[in-house]
There are 2 protein chains.
Amino acid sequence: MARKLGSRSEKTRPLVRAAALRLFARDGYAAVPMRQIAADVGVQAGALYRYTPDKQSLLFELMHVHMEELLAAWREVMPDGSPLDRLDAFVRFHIHHHMDRAEVVFISYMELRNLTPENFMVIEGMRAEYEKVLEDILAECGVDTDDKLTTLAVLAMLTGVNTWYREGGLLGRTAIAERYVGMVRCLVKA
Amino acid sequence: MARKLGSRSEKTRPLVRAAALRLFARDGYAAVPMRQIAADVGVQAGALYRYTPDKQSLLFELMHVHMEELLAAWREVMPDGSPLDRLDAFVRFHIHHHMDRAEVVFISYMELRNLTPENFMVIEGMRAEYEKVLEDILAECGVDTDDKLTTLAVLAMLTGVNTWYREGGLLGRTAIAERYVGMVRCLVKA
DNA sequence: GTCTATAGACAGATAGAC
DNA sequence: GTCTATCTGTCTATAGAC
């Protein structure tokens, strides 16, 4: 099979994204120079601008793709059962998805303020859409969602797993998810 | 009454701290130039170095004072009652303290990675000490604290209030605290 | 598509006048 | 104690050779 022209460029592009992801997560967007991303990829800084118009777009693209994948993945696994079943499913989905993508999740919470106002509005809209998924499920479960306190408390608790979960820890992935399922069920009953 | 010599310097110092607090919270440590802090205070950039050896010390001092005050304030109000009473008291204390100091709390979570390794270890130690306060109370309430999941889940839920609470919102401070008290009680029973 | 070289802006921190 | 002026280094992004 003949290679397409320009296929070489499509080898570097994902490396740039991966390096930006890793370094932004580790050191923070503002603290990572383009030169360091380039060094991580194994090219000179100027070459990066073949793949991104600027540093800001690199950040925005990582967060935008993440939010699109998050919303799409939920639509994919979203079950039809009872409200409580759907709540359990949401908790398991959220925990597993966030454990699998620790770096981009971390960036998406930490680097919001380094987005331009236009880019921020896009991401904020998608974040609100995801929050609405949980809010609707909670409402169907009989929770009062006039104020967002319960929704935000549950979301904060679930997302907190991102700050401490590391692969190979004391608890397995499924065990962790089931513990959170139990805690959220308990909050809903109260 | 005669003014003490040097009393004028002690007027600018708190202004520098206040400006750094406000700007670090709004734009992030890395994005705030010393010149902007100076402009906020109403002096030239060079004058700031009468009050701090460098920018890093400005950040560290804000976080360090915050953690000292947090630990001291808890020791002050810590009650003697039953474990469940002490848990309620901790929840109320945490929520109110975090609502009253939104900016420095936000900085303390967001800017950890902009501390030098030495400074990070100091703050991290104090953060662990605070976490231990909650862990001990939960253990006395009969919660299994062999793994830290419950402790961290409760702390994440409580601290989440910082991301959405604004003065003059739908719910009053006390009402919010009592809702969290109810949710935490429920998690402990399960 | 990657390189070298550099433009142009701006950072943290210091020196010395007043 | 604050000023002006500046040193020294680093940043993003671009230009043009190969």
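Sequence lines set the chain letters: A, B, ... in the order given, protein chains first and strands last, and positions in each chain run from 1. We use all heavy atoms of the structure for the numbers below, so side chains are in, but hydrogens, waters and symmetry mates are not.
The side chain to side chain donor-acceptor pair (under 3.5 Å) test applied to A:E103 returns no partner, not counting sequence neighbours.
Of the charged side-chain nitrogens involved, at least one lies within less than 4.0 Å of a carboxylate oxygen, so that B:R22 and B:D40 count as a salt-bridged pair.
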Kindly give the atom pairs (protein nitrogen or oxygen, nucleotide nitrogen or oxygen) under 3.5 Å for nucleotides 3-8 of chain D.
unit_1 : atom_1 : unit_2 : atom_2 : d
D:dC3  : OP2    : B:Q44  : N      : 2.4

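Inspection of the A:R101 and A:H97 side chains reveals an N or O donor paired with an N or O acceptor under 3.5 Å. In this structure, a donor-acceptor pair under 3.5 Å is absent between the side chains of B:S108 and B:R127. Side-chain atoms of B:T12 and B:R50 form no donor-acceptor pair, as typed in the model, at a separation below 3.5 Å. If you check the side chains of A:T116 and A:N119, you find a donor sitting under 3.5 Å from an acceptor.
Whole-Å rounding puts the B:R13 CZ to D:dT2 C1' distance at 15 Å. Rounded to an integer number of Å, the gap from OH of A:Y51 to C1' of D:dA13 is 17 Å. Taking atom CG of residue B:L48 and atom P of nucleotide C:dA13, one finds them 10 Å apart after rounding to whole Å. For the pair A:L59 CG and D:dT12 C1', the computed distance is 15 Å after rounding to whole Å. Here the P atom of nucleotide C:dG12 and the CE atom of B:M34 are 7 Å apart, to the nearest Å. Nucleotide D:dA13 holds its P atom 8 Å from the NZ atom of A:K55, rounded to whole Å.
Looking at the side chain of B:R50, the nearest of the listed nucleotides D:dT2, D:dC11, C:dA13 is D:dT2. Comparing D:dT12, D:dT2, C:dG12 against the side chain of A:Y49 picks out D:dT12 as the nearest.
Contacts of residues 21-29 of chain B with DNA chain C (heavy atom under 4.0 Å): none.
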*Using the side-chain hydrogen bond (donor to acceptor under 3.5 Å, both in side chains) rule, take B:R92 and B:T174 through it: C-alpha gap first, then chi angles, then the decisive distance, then the call.*
CA-CA 8 Å; B:R92 290 190 188 101; B:T174 307; over 6 Å; no

*Apply ring-ring contact (aromatic ring centres under 6.0 Å, His included) to the pair A:F90 and A:Y180, showing each step before the final yes or no.*
CA-CA 11 Å; A:F90 179 85; A:Y180 276 102; over 10 Å; no

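No continuous path of hydrophobic side-chain contacts links B:V105 to B:V65 [ILVMFWY only; heavy atoms under 4.5 Å].
OP1 and OP2 of D:dG1 both lie 4.0 Å or more from every side-chain N or O belonging to B:T12.
Among the heavy atoms of the strands, none lies under 4.0 Å from B:V41.
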